[in-house]
Amino acid sequence: MSTHPYTLTMPKSRTTSVVFASPHSGRDYPAAFLTNSVLDEQAVRSSEDAYVDRLCAVAPDHGAPLLVANTPRAYVDLNRGPEELDPALIKGLRRVDHNPRVSSGLGVIPRVVAGGRVIYRGKMSLRDAQVRLADHWHPYHTALQTLLDRSRAMFGEAILIDCHSMPHEAVTSLCKGARRCPEVVLGDRFGASAAPEIVSRVEAAFIRAGFETARNTPFAGAYMAQHYGRPSRRQHVVQVEIDRALYLNEQMVRPNGDFQQVRARLASVIAEIAEIGRCEKAMAAE
């Protein structure tokens, strides 16, 4: 297991206000966690946005930082708020206001993985939960906020591209009649987390690369978009969900035969998105 909750890869020269981040592709599982789980490692990995970090690896080549979680989503979900603790999992926790994510077992420390499969044999202490957040959640979000603050200082704005993948079954209900399934879903919380012109340019980059796109259905953006998306302050967040079936054997949780082709197509998208945050001021930066 990595000794650090994230990996930050910086460009040689930071030339864009765009920051790419992958909060759900972490796959460094603590041995004690796997030993104490009722699930095997492959079942636990069904929660991952597996290998999204590799799909986005070219971002620093285009002047943008890339922040990648090492912490697995099944251990700590970095796309949840630190207050989203589950009383059905954590002892000594008072019941809080109804939260659909927490109620379904998908709080900041998940109780279940994909398909509602329970991870743990019993409950954990509140102290253990707090240690997880201190060791994993807080360092990641401190690093992310620092990157966004630096973008705003250098370029007058920050654009976070929050990179995820989605199970193919999540979009099959949208494929009706002659309509193709969306391969990429962009989430801006229905206009609340990013300026419309930025979302439109991100979408255009995916369309030019041949991806079928949709917006906000079925994924509009979770904690990252809600917490960091502040268009009025020139801080924008666009959540990107890529259909796992394009590049992944979902059952085996490993790249499929199209992985390199999809990665190459996404490289052109990433280059275009980086251009959105380019400005003359960048040439004099760092």
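Any value given below was found using the heavy atoms of this structure, including those in side chains, with hydrogens, waters and symmetry copies removed.
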Could you check whether [Y] and [X], counting side-chain N and O atoms only, form a donor-acceptor pair closer than 3.5 Å?
| X | Y | result |
| --- | --- | --- |
| Ser46 | Arg117 | yes |
| Arg54 | Ser22 | no |
| Arg73 | Ser47 | no |

Over all atoms of both residues, closest heavy-atom pair of [X] and [Y]:
| X | Y | result |
| --- | --- | --- |
| Val52 | Tyr247 | CG2-OH, 3.6 Å |
| Ala57 | Arg263 | CB-NH2, 3.7 Å |
| Leu78 | Pro23 | CD1-O, 3.7 Å |
| Val185 | Pro218 | CG2-CD, 4.1 Å |
| Pro255 | Leu248 | N-CD1, 3.9 Å |

Has Arg132 got its NZ or CZ under 6.0 Å from the middle of the six-membered ring of Tyr75, at an angle within 45 degrees of the ring axis? yes
Between Tyr228 and His141, what is the ring plane arrangement, given parallel below 30°, perpendicular above 60°, and tilted in between?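 It falls in the parallel class, under 30°.
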Hey, what do you get for [atom1] ([X]) to [atom2] ([Y]), rounding to the nearest 0.5 Å?
| X | Y | atom1 | atom2 | answer |
| --- | --- | --- | --- | --- |
| Thr71 | Tyr140 | OG1 | OH | 10.0 Å |
| Ile159 | Thr16 | CD1 | OG1 | 6.5 Å |
| Ile207 | Glu183 | CD1 | CD | 11.5 Å |

Before we go on, tell me: are the rings of His62 and Phe20 under 6.0 Å apart, centre to centre? no
Determine, using ring centers only, whether His4 and Tyr6 are less than 6.0 Å apart. yes
Do Ser13 side-chain atoms and Thr15 backbone N/O form a donor-acceptor pair below 3.5 Å?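 Such a contact is absent between Ser13 side chain and Thr15 backbone.
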Going by the salt bridge (Lys or Arg N to Asp or Glu O under 4.0 Å) test, name the single residue among Lys91, Arg111, Lys123, Arg80 that passes it with Asp86.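 Looking at Lys91, Arg111, Lys123, Arg80, the match for Asp86 under the salt bridge (Lys or Arg N to Asp or Glu O under 4.0 Å) is Arg111.
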Residue pair Thr7, Asp53: steps toward the side-chain contact (heavy atoms from CB on, under 4.5 Å) verdict: CA-CA 10 Å; Thr7 297; Asp53 55 328; over 6 Å; no
